[in-house]
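Here is the structure we will look at.
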Amino acid sequence: MAYNLLKGKKGIIFGALDEFSIAWKTAERVHEEGGTFVLTNAPIAMRMGKINELAEKTGSVIIPADATSEEDLDALVAQAMETLGGKLDFVLHSIGMSINVRKGRSYTDQKYDFTTKGWDVSALSFHKVMQSLYKADAMNPWGSIVALTYMAAQRTFPDYNDMADNKAYLESVARSFGYFFGKEKKVRVNTISQSPTPTTAGKGVKGFDGFIAYAEKMSPLGNATALECANYTVSLFSDLTRKVTMQNLFHDGGFSSTGVSQEVIDGFTE
Ligand code: NAI
């Protein structure tokens, strides 16, 4: 159901790779709620992805940008304002990738070049995106910036590997930049800590099937889907959440507050 919550609002959506991506679902929902936006992804991902399909469906322009490149980001922000005809109201950072995970290296056997690159893509890029927006004075007052994270930033999930550290950094950047964006520009900055979700990035984590099944059994409301995450993001982009900022917001069906569930106990006592 659409409520026109984002009527007249403009923004940038990073990270839609295919129809499973959380950013893809978010773009569809933002469009349904009346928002207009530029879609962006790394040039390499665009060649492999299906982003053109999404652009057509949502009437959006695609502007490639590597989120680790300050030059690309500055150009993206300038072009987005030009294309959309003014300053922005919302930005979604939905980007994550660990090269150590991809190459099958464990947390105790990292190749630090991979670690540094993964941190740049997954964590520092959020600072870079916000710094570009901030310096260009690209956000309207009461705008909203959201990035996606995972609970491994607070609690250990061994196979989440160096992404756990990247997410901890990302969440800290949201708080730190949120202060300056709030004070100077009246813009809010939050992270959504989402349930395990079957996407390209999610399925890259070793043992993902067990991981998602366990979370499902531990969460009183069950795992949150990509579409449900998109809906939550829409609420954070809307005018209904203007004083929510510098928060890490769990969107996980109650997983993060549950010590153990009856289903999990039953699994051990059968
Ligand atoms: P996805 O694989 O569909 O999206 C990740 C995106 O990051 C891709 O579109 C990819 O092209 C983009 N990307 C990678 N390097 C980039 C670069 N240098 N510049 C610009 N973009 C780049 O997977 P998903 O799951 O939709 O991931 C979105 C976000 O959600 C990530 O931050 C992820 O860590 C987070 N998240 C995912 C969960 C899951 O279980 N899938 C759970 C909690 C958070």
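Counting starts at 1 for both ligands and their atoms, following the listed order. Remember, predicted model here, so these are calculated numbers, not experimental data.
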Report yes if the side chains of Phe90 and Phe37 come closer than 4.5 Å at any heavy-atom pair, otherwise no.
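Yes. Closest side-chain heavy atoms under 4.5 Å.
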
Side chains of His251 and Gln194: does their closest heavy-atom pair fall under 4.5 Å?
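Result yes, sub-4.5 Å side-chain heavy-atom pair found.
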
Mind listing the N or O contacts between ligand 1 and protein, cut-off under 3.5 Å?
| from | atom 1 | to | atom 2 | distance (Å) |
| --- | --- | --- | --- | --- |
| ligand 1 | 2 (O) | Ala201 | N | 3.0 |
| ligand 1 | 3 (O) | Ser21 | OG | 2.6 |
| ligand 1 | 9 (O) | Gly15 | O | 2.9 |
| ligand 1 | 9 (O) | Asn41 | ND2 | 2.9 |
| ligand 1 | 11 (O) | Asn41 | OD1 | 2.7 |
| ligand 1 | 11 (O) | Asn41 | ND2 | 3.4 |
| ligand 1 | 18 (N) | Asp66 | OD1 | 3.0 |
| ligand 1 | 19 (N) | Ala67 | N | 2.9 |
| ligand 1 | 21 (N) | Asn41 | OD1 | 3.4 |
| ligand 1 | 23 (O) | Thr199 | OG1 | 3.2 |
| ligand 1 | 25 (O) | Thr199 | OG1 | 2.5 |
| ligand 1 | 26 (O) | Ile22 | N | 2.9 |
| ligand 1 | 32 (O) | Ile95 | O | 3.0 |
| ligand 1 | 32 (O) | Lys167 | NZ | 2.9 |
| ligand 1 | 34 (O) | Lys167 | NZ | 2.8 |
| ligand 1 | 40 (O) | Thr197 | N | 2.7 |
| ligand 1 | 40 (O) | Thr197 | O | 3.3 |
| ligand 1 | 41 (N) | Thr197 | O | 2.9 |
| ligand 1 | 41 (N) | Thr199 | OG1 | 3.0 |

The single option from Tyr169, Phe177, Tyr134 passing ring pair (Phe, Tyr, Trp, His ring centres under 6.0 Å) against His127:
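With His127 as partner, ring pair (Phe, Tyr, Trp, His ring centres under 6.0 Å) holds for just one option, Phe177.
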
Would a distance-only check, ignoring hydrogens and angles, find a side-chain to backbone donor-acceptor pair under 3.5 Å from Thr197 to Thr225?
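Checked: no pair found.
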
With side chain to side chain donor-acceptor pair (under 3.5 Å) as the test, pick out the partner of Lys9 among Asn140, Thr36, Asp239.
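Checked Asn140, Thr36, Asp239 against Lys9; only one passes side chain to side chain donor-acceptor pair (under 3.5 Å): Asp239.
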
Quick one: which residue pairs count as a salt bridge (charged side-chain N to carboxylate O under 4.0 Å, His left out) with a foot in residues 196-207, not counting sequence neighbours?
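As it turns out, the salt bridge (charged side-chain N to carboxylate O under 4.0 Å, His left out) pairs with a partner in residues 196-207, which skip direct neighbours, are Asp159-Lys206.
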
